[in-house]
Number of protein chains: 2
Amino acid sequence: MTDTRTRRRGTELEHAILDAAWAELSEVGYPSLTIEAVAKRAGTSKPVIYRRWPSRAALVIAAWARRQPIHEAAPDQGSLRADLLWLFTRIATRMDAMMSQTIAGVMAEAFKHPEVQDLLRDRLDSAPLARTLGTIVENAVARGELRPAALPRRVLRLPLDLLRSEAILCGTPLSEETLAALVDDVYIPLLKGLAADHGH
Amino acid sequence: MTDTRTRRRGTELEHAILDAAWAELSEVGYPSLTIEAVAKRAGTSKPVIYRRWPSRAALVIAAWARRQPIHEAAPDQGSLRADLLWLFTRIATRMDAMMSQTIAGVMAEAFKHPEVQDLLRDRLDSAPLARTLGTIVENAVARGELRPAALPRRVLRLPLDLLRSEAILCGTPLSEETLAALVDDVYIPLLKGLAADHGH
DNA sequence: GACGTAAGAAACGCAACGTATCTTAGGAGC
DNA sequence: GCTCCTAAGATACGTTGCGTTTCTTACGTC
């Protein structure tokens with residue numbers, strides 16, 4: 001299969017490996033993902049992978065980063081609730097069963113490999129989300145639905161934390177009722193509380 | 001070592017195994033915990049463990065449940081903030097590095113063994129916490145710090161989710177500043193927001 | 001005192017780990 | 001266009017832990 005073929009190098013090879021890792025992830029899931037299988041699927045061998053990534057977790061994070069879609073602007077749906085629901089739904093859509101199980105697995109391995117913890121933090125800290133939330137809140141303020149308020153870092157990170165906890169504990173997919181409850185029972189009250197503190 | 005010894009049975013043996021599992025957990029951590037080591041430490045053998053628990057995760061959850069301390073009543077510290085800080089600190093104290101890494105590991109395995117997911121959910125859903133929070137909020141209402149408000153289920157679970165996410169992403173131990181930020185930036189605004197919605 | 005259940009010990013095959021060794025393809029430089 | 005050197009790709013290795021099987025024997029029961 002390889003004798004007459006060309007031998008890939010650099011970025012081309014790297015991308016092939018990451019794509020193979022992603023495919024394996026989708027098919028067998030994180031707990032059953034093996035480096036050997038990724039190597040085989042990518043048409044290469046284990047040492048090639050180990051030369052680039054020190055652990056399965058690091059490899060998977062790299063594959064994940066490659067797939068992370070570009071941030072899209074938040075549409076103005078006419079109300080704070082609708083905007084938030086749109087955002088929560090969009091996050092939930094990308095956090096399917098495979099993704100939850102992968103994140104859980106990577107989180108578990110982060111304790112063994114400190115460098116993985118850093119990668120994971122970068123991956124989850126999500127500046128794009130912060131910007132989207134900022135826009136949504138600004139729009140709500142412009143509409144008169146909300147007083148202006150500063151959004152602390154942990155508030156910006158909260159949607160991801162909420163959805164991730166929910167997904168891991170309750171299993172995915174998350175129902176619309178669940179998303180609505182998170183928006184109505186937690187996030188909107190929080191924003192109102194922050195605004196009251198700040199603006200009044 | 002065993003020839004002249006007594007051969008344990010039933011509860012006695014079970015407790016010995018769970019204690020050994022807990023000790024291993026404390027010493028080597030979840031990722032490095034092996035059934036073999038637990039068996040050795042408990043002075044028994046692998047099949048004896050496998051006869052009782054189907055997986056490492058189930059064993060660890062059982063050991064954890066045995067250690068879960070009794071719920072203590074919330075003291076009235078004189079202010080909502082102080083009460084919440086007390087509660088968050090108390091949770092954080094019990095969620096040391098070992099515990100975070102264990103929870104993360106068990107969460108990761110929950111996907112492979114659905115029955116583990118149920119055990120985990122039971123373990124984390126924490127009715128005691130709900131009662132403590134109820135008391136704290138009641139006291140704040142009595143003091144006039146807060147309007148009365150209903151606390152939805154997800155709000156009751158939020159402290160655990162917040163602290164767990166923080167512990168897993170940032171590593172333990174959690175600093176006092178972190179705990180204060182979670183209380184001041186997230187939880188108190190949320191309570192105020194809920195109260196405003198409800199009472200006004 | 002005999003019986004049956006389950007404890008305990010040992011060994012198994014399996015799978016994946018992470019590494020070391022070796023050959024060879026292919027890009028860089030003169 | 002030839003040489004050199006880096007890194008790809010293949011293979012095999014020892015190790016570890018899994019979960020299971022088999023067997024002996026202690027102990028509680030009747």
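Convention: sequence-line order gives letters A, B, ...; per-chain numbering from 1. In this text, all values refer to a predicted model and were calculated from it rather than measured experimentally.
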TODO: Under 4.0 Å between any heavy atoms, over every strand shown, what does B:Arg8 touch: base, sugar-phosphate, or nothing? Just pick one.
DONE: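 If one applies the 4.0 Å heavy-atom cut-off, B:Arg8 turns out to touch the sugar-phosphate alone, with no base involved.
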Euclidean distance, atom [atom1] of residue [X] to atom [atom2] of [N] [Å, nearest integer]:
X       : N      : atom1 : atom2 : value
B:Lys46 : D:dT21 : NZ    : P     : 13 Å
B:Lys40 : D:dG17 : NZ    : P     : 11 Å
A:Trp53 : C:dC17 : CH2   : C1'   : 18 Å
B:Glu14 : C:dA7  : CD    : C1'   : 14 Å
B:Tyr50 : C:dG8  : OH    : C1'   : 16 Å

Task: side chain to side chain contact (heavy atoms under 4.5 Å, CB included) assessment of A:Thr178 paired with A:Leu163 - done: CA-CA 9 Å; A:Thr178 301; A:Leu163 288 166; over 6 Å; no
Task: Given DNA chain C, 5'-ward residue of the pair A:Arg56 and B:Arg52, judged by closest heavy atom - done: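 Result of the comparison: B:Arg52.
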Open item on the list: Which is more 5' along DNA chain C, the nucleotide nearest B:Gly10 or the one nearest A:Thr34? Just name the residue.
Closed with: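 Taking each residue's closest nucleotide, the earlier one in sequence belongs to B:Gly10.
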Open item on the list: Distance check, rounded to the nearest 0.5 Å: B:Ile91 atom CD1 versus B:Trp86 atom CH2?
Closed with: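 One gets 9.0 Å once the value is rounded to the nearest 0.5 Å.
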Task: Distance (rounded to the nearest 0.5 Å) between B:Gln117 CD and A:Leu169 CG - done: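 Rounded to the nearest 0.5 Å, the CD-CG separation comes to 7.5 Å.
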Open item on the list: D:dT11, OP1 or OP2 - any side-chain N/O from A:Ser45 closer than 4.0 Å?
Closed with: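 Answer no for this pair, as no side-chain N or O of A:Ser45 is under 4.0 Å from OP1 or OP2.
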Open item on the list: C:dA7, OP1 or OP2 - any side-chain N/O from B:Arg51 closer than 4.0 Å?
Closed with: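 For B:Arg51, the contact criterion (side-chain N or O under 4.0 Å from OP1 or OP2 of C:dA7) is met.
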Taking only the side-chain heavy atoms of [X] (C-beta and beyond), determine which of [options] contains the nearest atom.
X       : options                : result
A:Leu13 : D:dG9, C:dA25, C:dG8   : D:dG9
B:Pro47 : C:dG26, D:dA10, D:dT20 : D:dT20
B:Glu36 : D:dA26, C:dG8, D:dG17  : D:dG17

Open item on the list: Could you tell me if A:Arg123 sits above the aromatic ring of A:Trp64, with its cationic atom closer than 6.0 Å to the ring centre and no more than 45 degrees from the axis?
Closed with: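 The answer is yes; both the distance and angle limits are met.
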Task: C:dG27 base / A:Arg7 side chain donor-acceptor hit below 3.5 Å - done: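 Flag unset: no donor-acceptor pair detected.
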